[in-house]
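Reminder, nothing fancy here: chain letters follow the sequence lines and each chain counts from 1. On a predicted model such as this, the values are computed, not experimentally measured, just so you know. Computation of the quantities below employed the complete heavy-atom set of this structure, encompassing side-chain atoms and omitting hydrogens, waters and symmetry-equivalent molecules.
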There are 2 protein chains.
Amino acid sequence: MGASKTDSFSVEQNEMANLFKALSHPARIAIVEYLLTVDSCICGDIVNELPLAQPTISQHLKELKNANIIKGTVEGTAICYCLNPDTIAKIENHFGMIGHKLKNKCC
Amino acid sequence: MGASKTDSFSVEQNEMANLFKALSHPARIAIVEYLLTVDSCICGDIVNELPLAQPTISQHLKELKNANIIKGTVEGTAICYCLNPDTIAKIENHFGMIGHKLKNKCC
DNA sequence: TTGTTTTATCGTAATATTGCAATATAAAAA
DNA sequence: TTTTTATATTGCAATATTACGATAAAACAA
């Protein structure tokens, strides 16, 4: 095969897996980090920041957008990207929950 | 192509991407969740918990082990798997840092 | 209008992932 | 020893991902 057996798992499990898949590439990690260093959300120069061709970056941005990790709004000719705090908080809470449960364990 | 341009990014960016890649499949999310529900670390029945064949689960466990998300120690015939709190904390801190930086932003 | 700039999409080649049957390995039980 | 039980590895087919050249689309400038 090659396709994940998505149907065999819960909606929540698939959601979390999709969030992590969106973050499972160094270019997308770099994009998130870059968005954090920029003061405002007004961007448009991500292509110059990364050692990848423009179509490749556009594709990575699309995946981050589909996963709701970033938001993009049209700003004239350019597009303004910024991180989605809700999704970041969602992931943060997920691991906070895991960390909390782990404290009551033998590990 | 198809291979990631790993060399173009920092060691840290690749490390984080690999951690997330290990968590980017619902079966591996399910394994992590199952390990959280078990009282002790003494496991050995993960195969019966998931709707996947034994070789498939063994492969998923291997990926989680390679990413240091779980630890496995031989326990006679069975193998005892448990979560690695250090790695969980590492991811938790990563998002805590992002969340903190986001608070000083326009988003 | 035409040209410029910025981002998106298409098409495709190279590579990676997923899943499992078959088989192997390792440790304990009989 | 042989058998049983639990986990790992191999090999392969189906599918997904990654990267980018070529091209398109959208908004503004001249």
### Query
Whole Å only: how far is the CD1 atom of Ile31(A) from the C1' atom of dT18(D)?
13 Å

### Query
For dA8(C), does either OP1 or OP2 sit under 4.0 Å from a side-chain N or O belonging to Lys65(A)?
yes

### Message
OP1 or OP2 of dC20(D) versus the side-chain N and O atoms of Thr56(A): is any pair under 4.0 Å?
### Response
yes

### Ser4(B) vs Ala3(A), nearer the 5' end of DNA chain D by closest nucleotide
Ala3(A)

#### Entry: side-chain N/O Ser58(B) vs dA8(D) OP1/OP2, d < 4.0 Å
yes

### Task
Check every strand shown and say whether Leu52(B) touches a base, only sugar-phosphate, or nothing at a heavy-atom separation below 4.0 Å.
sugar-phosphate

### Task
Please evaluate the base of dA8(C) for a donor-acceptor partner in the side chain of Gln59(A) within a cut-off of under 3.5 Å?
no

### Message
With a 4.5 Å cut-off on side-chain heavy atoms, are Phe9(B) and Ser4(B) touching?
### Response
no

#### Entry: By side chain to side chain donor-acceptor pair (under 3.5 Å) - contacts of Glu63(B) (at least two apart)
Arg28(B)

### Message
How many whole angstroms separate atom CG of Leu61(B) from atom P of dG19(C)?
### Response
13 Å

### Message
From CD1 of Ile70(B) over to C1' of dA8(D), roughly how many Å is that when rounded to an integer?
### Response
14 Å

### Query
Over how many whole Å does the gap from Lys5(B) atom NZ to dT15(C) atom C1' extend?
15 Å

### Length of the OH-P vector between Tyr81(A) and dT7(C), whole Å
8 Å

### Query
Over how many whole Å does the gap from Gln54(A) atom CD to dA24(D) atom C1' extend?
11 Å

Would you list the atom pairs, donor with acceptor, under 3.5 Å between side chains in residues 88-96 of chain A and any protein atom, with sequence neighbours excluded?
unit_1, atom_1, unit_2, atom_2, d
Asn93(A), ND2, Ala89(A), O, 3.3

### Query
Roughly, in whole Å, what's the span from CD in Glu63(A) to C1' in dT9(C)?
14 Å

### Task
Look only at the side chain of Ser24(A) and the backbone of Ala17(B), and say whether a donor-acceptor pair between them is shorter than 3.5 Å.
no

### Task
Quick one: do Glu33(A) and Thr37(A) satisfy side-chain contact (heavy atoms from CB on, under 4.5 Å)? Show the steps, please.
CA-CA 7 Å; Glu33(A) 288 179 356; Thr37(A) 67; 5.6 Å; no

### Query
Below 4.0 angstrom from OP1 or OP2 of dT7(D), is there any side-chain N or O of Lys62(B)?
no

### Query
Distance check: side-chain N/O of His60(B) vs OP1/OP2 of dT17(C), anything under 4.0 Å?
no

### Task
Taking the side chain as every heavy atom from C-beta outward, state whether His60(B) and Leu52(B) have any atom pair closer than 4.5 Å.
yes

### Query
What is the distance from CG of Leu50(B) to C1' of dT18(C), rounded to the nearest Å?
15 Å

### Task
Would you mind reporting whether Leu61(B) and Ile70(B) have side-chain heavy atoms less than 4.5 Å apart?
yes

### Query
Going by heavy atoms closer than 4.0 Å, what residues in residues 9-30 of chain B are next to DNA chain D?
none

